[in-house]
Amino acid sequence: MKTFVTGTAGIRSTRLAPVFSTALVLLAGAPILAAPVTPKSASAFVDSIGVNTHVERGGPYGNRTTFSNALGDLGVKHVRDGVDPNNPAASDYLKTLNTNLGIKSTIITDWGPNSLSTWGSSNPLGTQLNIIRDRLGASMIAGITGPNEPNLKPNSTWAGDTRTWMKNLWSLTRTNSSYSALSGIPIIAPAIAGDTRAASRTTLKSLFTNAGENIENYISNAAMHPYPSAGRPPEINETIIAELTGNRELYPTKPFVVTETGYHNAVSGGGAASETAAGIYAPRLFLDYFGYRGITRTFWYELFDEDFGTSGISTSNAEENFGLFRNNGSRKPAGTAVKNLVALLGGSGTPTLSALDYTLSNSNVRHVLLRKSNGDYFLAVWLPTYVSRWYEIPAVDENPADQSCTLTLTSAKTLTSYDNLDTTLSTANLGNGTTFNFTVSERVKLIKIASSSTRYEFENLTRQAISSGDITSAINEAALSNGSSAHLAANATGDFATYGVSVPQAGTYRILLGVKKYTGRGIFQLATSDSLSGTYTNRGAAQDTYNTGATFPQLDLGTVTFSSAGTKSFRFTVTGKNSSSSGFGVTLDYVQLNPA
């Protein structure tokens, strides 16, 4: 990652030493599971995926169309990059990415390759914070990090300089009124790297301790760079374990961000993973770090392969081959795997993390259970096997044997499997039941366990009541969930329509409502009752459905508890309209009840 702020981008020089072991073994996977299992949030997992970029460089980064298209294709919402005081305008493109794609940036701050004292009375940190505050803006910043791999700087003062920098970074963003806009942004520790990282951590910690200080008082998150050793699998990788253990001595309580990790594809240079192998490893790495290691965010290094010479990308130069995309902008298998992970597991809303009762028969299987806001569970399963003879030059891919596995549920569910995330995604309907037999391999298999949710299309529901003089009518449009909807042609505050919804059984449900937003739409409030003439209780906040163009969002209106099954009344009452709206109408697409 870029470590200089002088306008000259540094090139990585910190590959971890290879560990030459030819054993092709399985990690002693999780034991056969005893239900229930509490899932992790699928949206939080997707939000944990980031990628390192170099906005100030040329090549594919300099081609803004290629740059933007690659990030849009991936679907990730986080990048890690730096700001250059000598070229502050380059950082403006990070704001463009936020505006166009909703991407947030984690920004590196750094003083460059020389000693901090060489800056004299000038203030490189203040200059960089000014760029973050003035050119980017706090709302698009997910974190601010300390210097990148400072122990690799070519000077003996790196530890003292790092201590000074981190204390000043914390003080300026937390107590200086000039930077009050940045006060809520997490401050991420510098990642210590290279073959001397263990001794370097001790040196840095001692400087703080000897001064009666705790480095954790100046950071929000710890950081590390656990590149899988010599292209080995992410799970059978002593690097992540050693880095967690070693960095816990430096940062004993703070949550971790992996600010760099990944695989290079320089198969003629040693310690590599082929493009095929990296594509298999990539989803395993992100799932393992999030699901097993508790990493809050992981940034892959990097978005594009980079040509640092004049003769094209070298198959023996590791530094040129870390990209999720090739130098010409085409996507590698690892990029395809990330794209499919994000597409399948992404989505808005906060899921209810209710436990799922299930058992896996094969103790070798690595597995992570996730849940989406629509109630669907996704079980990721894979074997943590080697897929590359990384110790050979050139690297040779392996084809480990598949294994059988049985998934047992305590109640009947409908299952769908998604395979080949890194190539051409394949989908299979596994049917409905409680017992499912399948094969598991070195590739991540995603198994969707459909929720018991019920979706009701408004055009098919019985309208129980409507305000005097008003009507509802069907609006047909391809973007609607069933191609149609019910439109309340309201013309004033207080107009309403009530629909009967058949609730299958007593319980607590999350209400998800599909609507159409448009120029002539009003603000409505949903309220529910056990009967048409009963007492109504508001659900969620009033919803403004005005928009300058047609959109079809799903609204999360919170939970409702019904003490019995049967037809319940859902009343939609107009409470006003946006000042820009030309009308009070409400277009209702569907209502979905997800067991909470």
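Because the structure is predicted, anything quoted here is derived from the model rather than measured.
- Salt bridge absent: Lys516 and Asp589 never bring a charged side-chain N and a carboxylate O closer than 4.0 Å.
- Ion pairing of Lys332 with Asp422 is absent here, as no side-chain N (NZ or NE/NH1/NH2) approaches a carboxylate O to less than 4.0 Å.
- Among Trp300, Phe308, Phe299, Tyr227, the one residue that satisfies the ring pair (Phe, Tyr, Trp, His ring centres under 6.0 Å) test with Phe322 is Tyr227.
- With hydrogens and angles left out, the side-chain atoms of Thr352 and Ser354 include no donor and acceptor closer than 3.5 Å.
- Applying the salt bridge (Lys or Arg N to Asp or Glu O under 4.0 Å) test to Arg371 and every residue at least two apart in sequence or in another chain returns nothing.
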| Can you list the steps and then say if Ile295 with Ser48 is a side chain to side chain contact (heavy atoms under 4.5 Å, CB included)? | CA-CA 8 Å; Ile295 306 299; Ser48 78; over 6 Å; no
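- Inspection of the Arg64 and Ser68 side chains reveals no N or O donor paired with an N or O acceptor under 3.5 Å.
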| said: Run Leu125 and Leu172 through side chain to side chain contact (heavy atoms under 4.5 Å, CB included) and show every step you take. | reply: CA-CA 9 Å; Leu125 177 56; Leu172 287 172; 3.8 Å; yes
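- Take Ser314 and apply the side-chain contact (heavy atoms from CB on, under 4.5 Å) test, not counting sequence neighbours, and it matches Ser316, Asn317, Glu320.
- Taken to the nearest 0.5 Å, the OG1 atom of Thr259 stands 6.5 Å off from the CG atom of Asn148.
- Qualifying ring pair (Phe, Tyr, Trp, His ring centres under 6.0 Å) partners for Phe584, counting only residues two or more places apart in sequence or in other chains: none.
- Taking the six-membered ring where tryptophan is involved, the planes of Tyr61 and His54 are perpendicular, since the angle between them exceeds 60° and thus also 30°.
- Side-chain contact check for Thr548 versus Tyr546: some heavy-atom pair is nearer than 4.5 Å.
- Using a 4.5 Å heavy-atom threshold, the side chains of Leu344 and Leu421 count as touching.
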Review item, side-chain donor-acceptor pairs of residues 517-524, under 3.5 Å, at least two apart:
unit_1: Arg521; atom_1: NE; unit_2: Thr587; atom_2: OG1; d: 2.9
unit_1: Arg521; atom_1: NH2; unit_2: Thr587; atom_2: OG1; d: 3.3

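- Identified under the side chain to side chain donor-acceptor pair (under 3.5 Å) test for residues 171-182, with sequence neighbours left out: Asn130-Tyr179, Ser171-Thr175, Asn176-Ser178.
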| field | Evaluation steps, salt bridge (Lys or Arg N to Asp or Glu O under 4.0 Å), between Asp47 and Lys77 | value | CA-CA 7 Å; Asp47 194 58; Lys77 297 302 180 184; over 6 Å; no
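- Two residues are said to be in side-chain contact when any heavy atoms from C-beta on lie closer than 4.5 Å; Leu74 and Val342 fail this criterion.
- Taking the salt bridge (Lys or Arg N to Asp or Glu O under 4.0 Å) definition, one finds that Lys339 meets it with Asp73, sequence neighbours left out.
- Residues satisfying the salt bridge (Lys or Arg N to Asp or Glu O under 4.0 Å) test with Lys167, not counting sequence neighbours, are Glu213.
- Within the structure, every pair that satisfies the salt bridge (Lys or Arg N to Asp or Glu O under 4.0 Å) test and touches residues 538-556, not counting sequence neighbours, is listed here: Arg510-Asp556.
- Under the 4.5 Å side-chain criterion, counting only non-hydrogen atoms from C-beta, Ser115 is in contact with Asp161.
- At a threshold of 4.5 Å between non-hydrogen side-chain atoms, the residues Leu244 and Phe256 count as touching.
- For Lys153 and Asp110, the salt-bridge test passes: some basic side-chain N is under 4.0 Å from an acidic carboxylate O.
- At a threshold of 4.5 Å between non-hydrogen side-chain atoms, the residues Leu370 and Leu446 do not count as touching.
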Side-chain donor-acceptor distances from residues 245-252 under 3.5 Å, at least two apart:
unit_1: Thr245; atom_1: OG1; unit_2: Ile241; atom_2: O; d: 3.0
unit_1: Asn247; atom_1: ND2; unit_2: Glu243; atom_2: O; d: 2.9
unit_1: Arg248; atom_1: NH1; unit_2: Tyr251; atom_2: O; d: 2.6
unit_1: Arg248; atom_1: NH1; unit_2: Lys254; atom_2: O; d: 2.9
unit_1: Arg248; atom_1: NH2; unit_2: Lys254; atom_2: O; d: 3.1
unit_1: Tyr251; atom_1: OH; unit_2: Pro190; atom_2: O; d: 3.2

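- Between Ile144 and Leu129 the shortest side-chain heavy-atom distance falls below 4.5 Å.
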| Does the side chain to side chain contact (heavy atoms under 4.5 Å, CB included) test come out yes or no for Arg284 and Val368, once each step is laid out? | CA-CA 10 Å; Arg284 286 166 49 174; Val368 174; over 6 Å; no
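- The ring pair (Phe, Tyr, Trp, His ring centres under 6.0 Å) search around Phe378 returns none, not counting sequence neighbours.
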| task | Evaluate the criterion side chain to side chain contact (heavy atoms under 4.5 Å, CB included) for residue pair Lys104 and Asn98; output intermediate values, then yes/no. | result | CA-CA 6 Å; Lys104 292 195 171 186; Asn98 178 257; 4.2 Å; yes
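- Between Trp111 and Trp119, the ring center distance fails the sub-6.0 Å criterion.
- Looking only at side-chain heavy atoms (C-beta outward), Ile313 and Asn321 come within less than 4.5 Å of each other.
- The salt bridge (Lys or Arg N to Asp or Glu O under 4.0 Å) check on Arg135 picks up Asp92, with sequence neighbours excluded.
- Judged purely by atom type and a 3.5 angstrom limit, Thr109 uses its side chain to pair as donor or acceptor with the backbone of Thr145.
- Residue pairs meeting the ring pair (Phe, Tyr, Trp, His ring centres under 6.0 Å) criterion with at least one partner in residues 89-110, sequence neighbours excluded, are Phe67-Tyr93.
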